[in-house]
Amino acid sequence: MNYFPDEVIEHVFDYVTSHQDRNSISLVCKSWYRIERLSRQRVFIGNCYSISPDKVIERFPAIRSLSLKGKPHFADFNLVPYDWGGHVYPWIVAMAKSKVNLEELRLKRMVVSDESLELISSSFANFTSLVLVSCEGFTTNGLKAVAANCSLLRELDLQENEVEDHRSQWLNHFPESSTSLVTLNFSCLKGEINLAALERLVARSPNLKTLRVNRAVTLDSLQKILSWAPQLMDLGVGSFIHDPDSETFYKLKNTIVQCKSIKSLSGFLEVAPYCLPAIYPVCSNLTSLNLSYALGIPASELIKLIRHCKRLQRLWILDCIGDKGLEVVASNCKDLQELRVFPSDPFGAGNTVVTEEGLVAISFGCKKLNSLLYFCHQMTNTALITVANNCPNFVRFRLCILDPTKADPLTQQPLDEGFGAIVQSCKGLKRLSLSGLLTDKVFLYIGMYAEQLEMLSVAFAGNSDKGMIYVLNGCKKLRKLEVRDSPFGDAALLADPGKYETMRSLWMSSCEVTLGACKALARKMPMLNVEIIDDSELTVDEALCGGAPVAVTADGDDKQKVEKMYLYRTLAGPRNDAPEFVCTL
Amino acid sequence: MDRGLGLEITELRLGLPGATAVVVEKSEKKRAFSELTDERKAAATAAPRAKSQVVGWPPVCSYRRKNPAAAEYSKNRCVKVSMDGAICLRKIDLSLQEGYSELAVAVKKLFGCDALGEGLKDEEKGEYNKLIYEDKDGDWMLVGDVPWEMFIESCKRLRIMKRSEIKDLGLPKERDFLRGAFQLKD
């Protein structure tokens with residue numbers, strides 16, 4: 001390869017697209033490093049605090065697509081205080097200043113302000129794609145700026161964000177000249193939408209392939225939209241309630257029949273069961289179905305619907321489908337690869353629930369299953385062993401037993417053997433979430449067998465430091481470990497400090513780790529940020545007496561237990577935007 | 001976590017709300033989930049079982065928690081009911097009714113048989129009061145045309161229209177279920 005001119009090598013590199021492969025290429029030799037970095041267009045930063053924006057731009061001046069992740073995963077479950085960080089603004093400022101030709105921005109769990117959105121829309125003339133997942137901090141005013149100014153916009157994809165509605169009529173601000181939309185997803189927006197503006201926008205967007213609307217879009221508006229966009233492949237429905245005997249409903253049924261390309265259906269944010277038959281005509285082509293927000297559909301209706309969906313590869317559903325419903329899935333959906341069963345009533349003891357029986361049935365019927373998220377009321381070792389034998393292809397296995405320390409109800413034993421079977425059988429397992437009664441033994445199995453494991457989530461599990469040490473020693477490819485309410489302490493934390501430089505991050509909350517151990521680790525490993533998070537508030541009395549929240553510092557009793565610790569490798573040093581309740585040791 | 005402001009009841013602690021206040025020191029807060037449940041089970045005989053107070057469990061992401069699909073569908077649906085000629089309006093909770101028949105009975109109970117009695121006298125002539133409702137679009141619709149679930153979704157208020165106004169609308173005779181209801185004796 002050294003005999004080829006740079007342009008040729010660069011051309012070869014164009015065929016190498018995965019981030020990991022490009023990272024590997026850059027390590028081969030100096031000239032490959034140089035050629036690779038100058039030609040790299042897509043950059044993925046898994047932790048926005050691991051490197052400064054300037055360094056990224058310096059290394060990859062040709063960057064066009066940036067993906068960033070901010071808060072740790074447990075932020076999804078309110079374990080990370082509001083205001084912890086993860087702001088995207090500094091990144092936008094840096095790229096605007098350096099005149100980066102940014103085209104795509106993908107953000108997950110970040111704080112995105114309206115100023116950020118406005119700056120994006122005014123700084124990057126070729127901006128085409130904005131994907132925001134589980135973000136917050138912006139309002140419909142920010143969206144207005146994006147709609148109005150990003151004239152080449154192809155993709156606006158808002159997934160599960162917290163967006164304040166300022167009645168901005170943002171949709172109206174797409175100019176008449178805007179005809180390039182391919183993806184428009186605003187299902188998470190809570191406010192009203194100008195339906196006429198939406199219909200006109202869809203009518204002038206011939207390339208529109210994905211449209212996911214919010215609850216404000218009614219069924220009759222949906223009918224008009226679909227009549228303009230029969231080429232849609234991915235549809236997210238808003239409100240799906242109407243008089244089934246009406247002319248509108250009749251028109252909708254006919255319009256849906258024309259949409260022969262729909263492969264993915266989601267939404268149904270408001271739905272009446274008697275309206276569902278309207279979608280039967282598209283079910284036979286569906287590869288992806290998400291009914292996880294559609295409460296109020298009885299299991300019998302869900303089952304009727306599923307019987308039409310023989311080609312499903314991905315199914316997200318609520319547990320009201322019940323074990324019997326999952327048996328129907330198992331017998332109908334032979335191509336199923338991904339299943340997510342969400343709890344319809346997370347805090348109650350509902351009548352229609354799913355247990356180990358549903359999962360076992362799925363494992364017998366859906367041999368291609370490789371990704372699972374399953375909330376259930378109970379699980380047995382026998383069931384897990386059966387599932388492990390039937391489905392050795394799991395890449396993601398996330399089990400959540402609603403009572404997190406529940407033993408096997410048949411034997412009263414911990415679920416160590418069951419999960420052990422999973423990790424032993426599924427040689428390609430990359431992500432695992434545990435629950436149920438678990439001892440150190442399950443971690444021994446994980447350390448021994450889970451060779452490809454990259455992410456492990458632990459809650460209320462284990463007996464001693466040994467558990468965590470098994471995992472740190474055994475899982476060579478571990479990137480993210482998150483632990484809560486488990487008896488892992490200083491010995492586990494300090495067993496192998498170097499390990500953390502091979503990982504993206506470690507989260508430990510409500511464990512047995514002390515301040516002293518965290519300080520020792522921080523001293524030993526300067527390339528780690530070890531953050532202590534303390535978000536307990538002042539009492540009213542303290543506030544009235546003129547007290548201010550005491551900033552978390554490193555001066556405290558070393559023996560004191562640390563409530564929340566988050567550490568991550570970084571080239572950027574301690575971050576300068578940490579709030580008072582965060583202390584980087 | 002909230003302390004003070006009378007919000008002790010929401011604080012993570014060992015024991016049921018209302019039990020003698022045991023403010024747990026920070027270092028002791030990390031108890032196994034089973035210990036938390038054991039404490040609650042021990043107290044359960046004396047009081048109803050408390051819901052889990054463990055933060056962030058089950059691990060349903062906060063977006064999903066804040067936007068459960070059920071939130072709007074099963075919410076309280078109290079609508080005003082007016083009757084032409086009556087000074088005072090009443091309110092009725094649609095979510096407590098099971099269907100149109102029950103609704104008619106409930107409406108009749110609110111306004112008494114006198115209010116509808118006048119109508120009954122003339123029912124042989126096909127003239128009696130009608131129940132109409134205002135829908136989300138602001139249109140006045142005849143009660144009974146659409147499936148019940150759809151009706152309670154879209155009904156904003158109810159009105160009992162006097163027979164004297166009905167004549168001009170050219171509406172057909174009262175539907176059977178409503179007719180039967182209005183004939184019920186108190």
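Below, all heavy atoms of this structure are taken into account, side chains as well, without hydrogens, waters or symmetry copies. Proteins come first, then strands; the chains are lettered A, B, ... in the order of their sequence lines, and each starts at number 1.
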Legend entry - Structural part of P343(A) lying under 4.5 Å from a heavy atom of chain B: side chain

Legend entry - Structural part of K406(A) lying under 4.5 Å from a heavy atom of chain B: neither

Legend entry - Heavy-atom pair of closest approach, residues V146(B) and D243(A): CG1-OD2, 3.7 Å

Legend entry - Part of D245(A) within contact of chain B (heavy atom distance under 4.5 Å): neither

Legend entry - More than 12 heavy atoms of other groups within 6.0 Å of E247(A) CD: no

Inset, instruction - Identify which of S154(B), P59(B), S62(B) forms the greatest number of heavy-atom pairs closer than 4.5 Å to chain A. - result: P59(B)

Inset, instruction - Please round to the nearest 0.5 Å and tell me the distance separating atom CG of N161(A) and atom OH of Y63(B). - result: 8.0 Å

Legend entry - Segment of E162(A) engaging chain B (4.5 angstrom heavy-atom cut-off): side chain

Inset, instruction - Heavy-atom distances under 4.5 Å only: say whether R398(A) touches chain B with side chain, backbone, both or neither. - result: neither

Legend entry - Top contributor to chain B contacts, counting heavy-atom pairs under 4.5 Å, from H73(A), E160(A), E136(A), H242(A): E160(A)

Legend entry - Contact origin within F342(A) toward chain B - heavy atom pairs under 4.5 Å: side chain

Legend entry - Closest heavy-atom pair and its distance - I241(A), M150(B): CG2-CG, 4.1 Å

Inset, instruction - Using the six-membered ring of Y293(A), assess whether NZ or CZ of R64(B) lies under 6.0 Å from its centre and within 45 degrees of the ring axis. - result: yes

Legend entry - L437(A) versus chain B, the contacting section by heavy-atom distance below 4.5 Å: neither

Inset, instruction - Check whether C188(A) gets within reach of chain B through its side chain, its backbone, both or neither, counting any heavy atom under 4.5 Å. - result: both

Legend entry - Donor-acceptor contact below 3.5 Å, side chain W57(B) vs main chain L402(A): yes

Inset, instruction - Find out whether F77(A) and P58(B) are in side-chain contact, i.e. whether some heavy atom of one side chain is under 4.5 Å from a heavy atom of the other. - result: no

Inset, instruction - Verify the neighbour count for atom NZ of K190(A): are there more than 12 heavy atoms of other residues, nucleotides or ligands below 6.0 Å? - result: yes

Legend entry - From CG (D137(B)) to OG1 (T218(A)), nearest 0.5 Å: 8.5 Å

